[in-house]
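All remarks here apply to the structure that follows.
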Amino acid sequence: MELDKFTNIYRLPTALQIRIGRWQQTFNGTSDIVLHDVIDARNRYFKKPDFFPVGWHIKPFKLDDISITHHGKYIQTALRTMVDRKVSYKRVYLSRVPLEQAEPALHSYKLEWIQKHNRVANKYNQIKKKQFMRFAYEEVETLYPSIPKGEFDRSLWNRLVLSELGPEKKFDNPYFVQKARF
């Protein structure tokens, strides 16, 4: 058995240990049979619906986590564009719209964006978790590390945005917000 690095599995002098967040489990021995049992136990933990591997998922936004910052002449909120998920800001200048109207309008704008973003993010997370689990099951069969480092899959995200929300030309803003207006 080679001393390869498996995701969330650590080699101790006389044992193998699984560490995922605060959860850990130790198996005595370092043979291939023990390694197989360790990988199998780790994969059972990975299969839990509330487990999302780091780098392999997009954290959904909470509906009550809307922050609007005041900058004197304008108010703004941070968003991500639907295509490519680039960080951006939506600003409302107070010279055009009074604060009493601008703040609720910006709040409803971000609320609609969060709902659409989370819809696409949930589909993305399902697909990425299936890919992740395929790599994890491959490790049980081969006893060789095969889970790559998780990265954001821009092409998958963009395909899901197109299938879930429609083409970019259908919207007049990069956030795909249609109903909430100023």
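Between Y109 and Y175, the ring-plane angle classifies as perpendicular under the 30° and 60° cut-offs.
The two residues L162 and P167 make their nearest non-hydrogen contact at CD1-CA, 3.5 Å. Residue R42 comes nearest to T7 through the heavy atom pair NH1-O, 2.9 Å, listed as atom of the first residue, atom of the second, then distance. Considering all non-hydrogen atoms of both residues, F27 and A41 come closest at CZ-CB, 3.7 Å. Shown here for L94 and G72, the closest heavy-atom pair between the two residues is CD1-O, 3.4 Å.
Looking at R91 and H71, their side chains never bring a donor and an acceptor atom within 3.5 Å of each other.
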Run the salt bridge (charged side-chain N to carboxylate O under 4.0 Å, His left out) check on R119 and E164 step by step: do they pass?
CA-CA 8 Å; R119 194 168 94 199; E164 286 291 309; 3.1 Å; yes

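Within a 6.0 Å sphere centred on NZ of K116, heavy atoms belonging to other residues, nucleotides or ligands number more than 12. Other residues, nucleotides and ligands contribute only 12 or fewer heavy atoms inside 6.0 Å of the CD atom of E168.
For H57 (side chain) and P53 (main-chain N/O), a donor-acceptor pair under 3.5 Å exists by modelled atom type. Side-chain atoms of T81 do not come within 3.5 Å of backbone N or O of P174 as any donor-acceptor pair.
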Name the atoms and distances for all side-chain donor-acceptor pairs under 3.5 Å in residues 43-51, with sequence neighbours left out.
unit_1 : atom_1 : unit_2 : atom_2 : d
N43    : ND2    : A136   : O      : 3.0
R44    : NH1    : D40    : OD2    : 3.1

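A salt bridge does not link R134 to E138: none of the charged nitrogens lies less than 4.0 Å from a carboxylate oxygen.
Criterion: ILVMFWY side-chain heavy atoms under 4.5 Å apart, direct or through other members. Under it, L165 and L111 are part of a common hydrophobic cluster.
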